[in-house]
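Inspection log for the structure reproduced underneath, given as structure tokens.
Only heavy atoms go into these numbers, but all of them, side chains included; no hydrogens, no water, no symmetry mates. Quick caveat: nothing in here was measured; it's all calculated off a predicted structure. Numbering of ligands and ligand atoms starts at 1, following listing order.
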Amino acid sequence: MKGKFITVEGIDGAGKTTQLAWLAEILQRHGITYIVTREPGGTVLGEQLRQLLLDKTVLMHAETEALLMFAARREHLDKVILPVLANGQWIISDRFTDASFAYQGGGRELENSKLVTLEQWVQGDLQPDLTLYFDVPVELAQQRVKQVKHADRFEQEQFDFFQRVREAYLERANLYPQRICRIDGGLSLEAVKIAVEQALQPLLKHV
Ligand code: TYD
């Protein structure tokens with residue numbers, strides 16, 4: 001049986017890292033074998049691309065940024081995601097293509113059609129089975145990010161950039177309500193945990 005593909009999304013500071021640990025714990029409780037990975041990254045080449053992409057001293061054109069994100073993704077699919085799914089295991093990815101539509105499309109204002117072309121090229125019709133999108137107001141996310149001492153190339157962006165990223169995420173959540181589950185990341189930790197568990201129910205039913 002094919003495994004399930006779950007992705008986790010949100011603007012920087014939305015708290016997805018904390019929730020990812022909770023998600024993993026739920027799968028463990030259900031006896032599901034899973035792998036946690038991330039984008040950009042997840043492979044040797046992808047992690048090197050990540051270093052370049054997050055380095056604030058490395059300047060690049062917005063299209064170069066998008067192409068590198070998708071190059072890392074191509075490698076990630078080939079070396080990790082597809083083999084793991086074929087093996088019947090589940091895979092949780094900390095970000096995937098929705099992040100490209102949100103950050104490069106929304107944040108950097110790249111044309112959607114170019115991203116759709118890259119998406120089609122790199123992944124064909126493959127989409128996650130479930131995407132958990134942690135939604136928080138930009139003000140709250142920025143307060144959290146400020147506590148991180150060394151902001152990376154994305155984290156150092158300004159309010160308006162993240163506002164566009166958030167709007168693009170919300171737009172996608174509206175477009176794909178079957179796949180993307182919007183979770184209010186501003187709720188208490190306990191309430192968010194319950195929401196995550198609920199979102200997983202349709203996938204867990206078949207385990
Ligand atoms: P992030 O996932 O936030 O990692 P950490 O929690 O360690 O900071 O960092 C990855 C950054 O890459 C994040 O700011 C969003 C950005 N990103 C894109 O701009 N486009 C993409 O397609 C992906 C996958 C990530």
Side-chain angles (χ1 to χ4, degrees), residues 5-24 36-43 45-77 79-81 91-112 114-123 126-128 131-136 138 140-169 171-172 180 185:
F5 181 25
I6 304 174
T7 61
V8 180
E9 299 281 357
I11 59 174
D12 292 85
K16 69 183 166 52
T17 310
T18 317
Q19 298 310 329
L20 212 137
W22 172 244
L23 175 59
V36 179
T37 183
R38 68 173 179 183
E39 289 207 354
T43 64
L45 176 59
E47 289 295 327
Q48 292 201 12
L49 290 173
R50 179 187 178 93
Q51 275 192 9
L52 287 169
L53 282 159
L54 298 194
D55 186 340
K56 61 178 160 220
T57 67
V58 178
L59 304 179
M60 63 182 83
H61 191 281
E63 290 187 353
T64 310
E65 185 179 282
L67 288 163
L68 290 178
M69 291 291 178
F70 276 96
R73 184 162 300 134
R74 181 70 192 87
E75 205 57 22
H76 196 204
L77 280 160
K79 304 282 188 301
V80 182
I81 300 173
I91 187 155
I92 306 172
S93 186
D94 186 345
R95 299 192 187 281
F96 191 62
T97 307
D98 293 306
S100 300
F101 282 96
Y103 280 78
Q104 282 66 56
R108 304 275 190 238
E109 301 180 279
L110 272 187
E111 294 98 314
N112 224 52
K114 288 188 173 161
L115 298 172
V116 170
T117 302
L118 289 173
E119 178 186 39
Q120 190 59 35
W121 186 10
V122 163
Q123 67 200 68
L126 180 92
Q127 290 294 336
T131 297
L132 300 176
Y133 163 56
F134 294 100
D135 184 46
V136 293
V138 177
L140 174 60
Q142 287 208 314
Q143 276 169 20
R144 290 178 181 163
V145 169
K146 270 197 201 119
Q147 289 159 12
V148 184
K149 272 208 201 89
H150 304 287
D152 64 34
R153 211 166 58 81
F154 292 100
E155 288 164 349
Q156 67 173 4
E157 287 293 342
Q158 302 302 308
F159 184 88
D160 289 358
F161 175 88
F162 288 107
Q163 194 64 39
R164 289 196 299 277
V165 174
R166 183 184 183 206
E167 277 162 17
Y169 268 131
E171 205 174 293
R172 287 183 73 75
I180 305 180

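- Closest approach of Met60 and Leu68 over heavy atoms only: SD-CD1, 4.0 Å.
- Here is the list of ligand 1 atoms found below 4.0 Å of a heavy atom in Leu54: 11 (C), 12 (O).
- Remark: distances from the non-hydrogen atoms of Arg73 to ligand 1 include one below 4.0 Å.
- The N/O atoms of Arg95, backbone and side chain alike, include one that comes under 3.5 Å of an N/O atom in ligand 1.
- Atoms of ligand 1 lying under 4.0 Å from at least one heavy atom of Ser100, given by number and element, are 21 (C), 22 (O).
- Here is the list of ligand 1 atoms found below 4.0 Å of a heavy atom in Asp12: 3 (O), 13 (C), 14 (O).
- The atoms of ligand 1 that sit less than 4.0 Å from any heavy atom of Glu155 are 8 (O).
- For the ligand labelled ligand 1, residue Arg153 lies outside the 4.0 Å heavy-atom shell.
- Within a 6.0 Å radius of NZ in Lys146, other residues, nucleotides and ligands contribute 12 heavy atoms or fewer.
- Using a non-hydrogen distance threshold of 4.0 Å, Leu53 does not register as a contact of ligand 1.
- Each of the following atoms of ligand 1 lies closer than 4.0 Å to a heavy atom of Pro40: 12 (O), 23 (C), 24 (C), 25 (C).
- Taking 4.5 Å as the limit, every side-chain heavy atom of Gln127 sits out of range of all side-chain heavy atoms of Phe96.
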